[in-house]
Amino acid sequence: MANKLRQQKKQATKAVSLITLADRTSPISEQYRTIRTNIQFAMVDRELKTLVVTSSGPSEGKSTTSANLAIVFANSGKRILLVDADMRKPTVAKTFSIDNSRGISTILGNRETTLKQVIRTSGIDNLSLMTSGPKPPNPSELLESNRMTDLIQKLKEQYDLVIFDMPPVVAVTDAQIVASKTDGTIMVVRENVSKKDSLLKAKNLLEMVDANILGVVYNGSKNIVDQGYYYGS
Ligand SMILES: Nc1ncnc2c1ncn2[C@@H]1O[C@H](COP(=O)(O)OP(=O)(O)OP(=O)(O)O)[C@@H](O)[C@H]1O
Ligand SMILES: [Mg+2]
């Protein structure tokens with residue numbers, strides 16, 4: 001049991017692979033740029049400044065997709081903020097080798113905390129980061145609060161695009177909550193991992209809160225980890 005807990009804890013702070021930083025010319029980086037273009041098309045007709053990245057179940061590539069998308073958007077000159085709104089299994093601090101002593105859980109849980117105290121530079125031009133912060137007992141309640149609604153509004157004023165890395169839709173309600181407060185949602189589907197019935201369930205849950213589902217990112221089976229690169233390591 002202790003072993004299992006240790007393992008879960010270890011998993012909870014895993015870095016993801018930043019292929020778009022390691023090799024801008026790789027076909028995978030090109031694919032992230034294609035996704036960027038598709039999202040930009042969706043941005044033409046209506047304001048799209050806040051974007052949720054989620055999936056039906058665990059380990060389907062939400063954090064990998066959101067971090068790499070944040071990088072390619074930043075590369076295009078837009079001011080981008082990547083928010084680790086997965087307070088249950090955060091990755092952003094590890095991926096970008098930054099401190100996680102303060103983050104979204106801090107600003108949502110503590111009135112005295114200012115935005116400045118929780119936004120960090122990434123070392124990549126135009127990309128700022130907000131990590132998860134210490135694990136709170138009540139992530140869903142924090143995300144459902146008016147403080148979260150106000151925070152989203154403030155972030156919209158400061159950035160061209162804010163990307164929220166979320167937990168899976170089917171397991172917990174966090175992604176549903178944030179999808180209902182933001183402009184667009186992207187679903188990541190991973191080959192051989194995503195299950196059809198949970199995909200349908202996820203779609204229904206998102207539709208229930210009137211999420212604006214922009215599309216699906218198909219995360220293939222090709223191992224991007226082998227070619228991977230951990231920023232800062
Ligand atoms: N296409 C892929 N091929 C191989 N490994 C991948 C692929 N996409 C992601 N991974 C790996 O799978 C693991 C899970 O990816 P990631 O953390 O991006 O998923 P997630 O959906 O955010 O997971 P969680 O539900 O834990 O938040 C990571 O170790 C990542 O490097
Ligand atoms: Mg994740």
Side-chain angles (χ1 to χ4, degrees), residues 4-23 26-35 51-72 81-98 100 103-105 129-133 135-136 139-140 143 162-179 185-195 198-199 201-203 205-206 213 215-233:
K4 200 174 172 200
L5 275 177
R6 254 200 304 277
Q7 208 180 355
Q8 279 177 350
K9 206 162 179 195
K10 210 171 147 204
Q11 277 177 347
T13 56
K14 244 178 139 184
V16 298
S17 169
L18 298 180
I19 184 79
T20 47
L21 192 64
D23 183 0
S26 83
I28 298 170
S29 298
E30 188 52 41
Q31 281 168 11
Y32 280 114
R33 285 191 292 273
T34 305
I35 299 167
L51 190 64
V52 157
V53 177
T54 189
S55 73
S56 59
S59 297
E60 294 177 312
K62 299 173 286 295
S63 300
T64 307
T65 303
S66 49
N68 282 286
L69 269 184
I71 291 172
V72 293
L81 178 70
L82 173 63
V83 180
D84 198 341
D86 189 344
M87 292 177 258
R88 301 164 194 270
K89 286 169 100 185
T91 52
V92 170
K94 261 281 156 68
T95 300
F96 291 88
S97 299
I98 57 170
N100 192 26
I104 189 167
S105 67
L129 305 168
M130 190 188 294
T131 63
S132 63
K135 197 171 185 169
S140 313
L143 295 171
V162 186
I163 299 177
F164 294 90
D165 180 7
M166 299 299 314
V169 179
V170 175
V172 288
T173 182
D174 303 15
Q176 234 185 333
I177 294 167
V178 181
T185 297
I186 286 181
M187 283 276 293
V188 179
V189 175
R190 180 148 168 215
E191 190 170 274
N192 300 328
V193 176
S194 304
K195 305 216 164 46
S198 46
L199 275 175
K201 202 167 171 194
K203 184 172 166 271
L205 286 168
L206 288 169
I213 305 175
V216 167
V217 168
Y218 183 72
N219 185 11
S221 64
K222 251 210 155 87
N223 199 338
I224 57 169
V225 177
D226 287 346
Q227 312 164 33
Y229 171 85
Y230 292 96
Y231 183 70
S233 65

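Whatever order the structure lists them in is the order used to number ligands and atoms, beginning at 1.
Scanning both residues, A85 and L143, for their nearest heavy atoms gives O-CD1, 4.2 Å. The two residues S140 and D174 have their closest heavy-atom pair at OG-OD1, 2.8 Å. Between P167 and V172, the shortest heavy-atom distance links the atoms CB-CG2, 3.7 Å. Of all the heavy atoms in Y32 and V72, the pair that sits closest is O-CG2, 3.8 Å.
Taking backbone and side-chain atoms together, S63 has an N/O/S atom less than 2.8 Å away from the Mg ion (ligand 2).
Residue contacts with ligand 1 do not include E191, since none of its heavy atoms lies under 4.0 Å from the ligand. Note on ligand 1: S17 sits outside its first shell, no heavy atom being nearer than 4.0 Å. Contact analysis puts D86 in contact with ligand 1, with a non-hydrogen atom separation below 4.0 angstrom.
A 4.5 Å side-chain heavy-atom check between V52 and I186 finds every atom pair outside the cut-off.
Every N/O-N/O distance between D165 and ligand 1 stays at or above 3.5 Å. For the pair S59 and ligand 1, the shortest N or O to N or O distance falls below 3.5 Å. Residue P58 has no nitrogen or oxygen atom sitting less than 3.5 Å from a nitrogen or oxygen atom of ligand 1, judged on distance alone. For a threshold of 3.5 Å applied to N or O pairs, the pair formed by E60 and ligand 1 contains at least one separation below that value. Any N or O atom pair closer than 3.5 Å counts here, and T64 shares at least one such pair with ligand 1.
Atoms of ligand 1 found under 4.0 Å from any heavy atom of S63, numbered from 1 in the order shown, are 17 (O), 18 (O), 20 (P), 22 (O).
Using a 3.5 Å distance cut-off with no hydrogens or angles, the side chains of D86 and T91 do not pair a donor with an acceptor. Judged purely by distance below 3.5 Å, without hydrogens or angles, the side chains of K62 and S55 pair a donor atom with an acceptor atom. Under the 3.5 Å distance criterion, with hydrogens and angles disregarded, a donor-acceptor pair is assigned to the side chains of T20 and N68.
Proximity annotation for atom 25 (O) of ligand 1: of K62, K89, R88, K14, K62 comes nearest, heavy atoms only.
The side chain of V16, and not its backbone, has at least one atom closer than 4.0 Å to an atom of ligand 1 (non-hydrogen atoms only; side chain from C-beta on).
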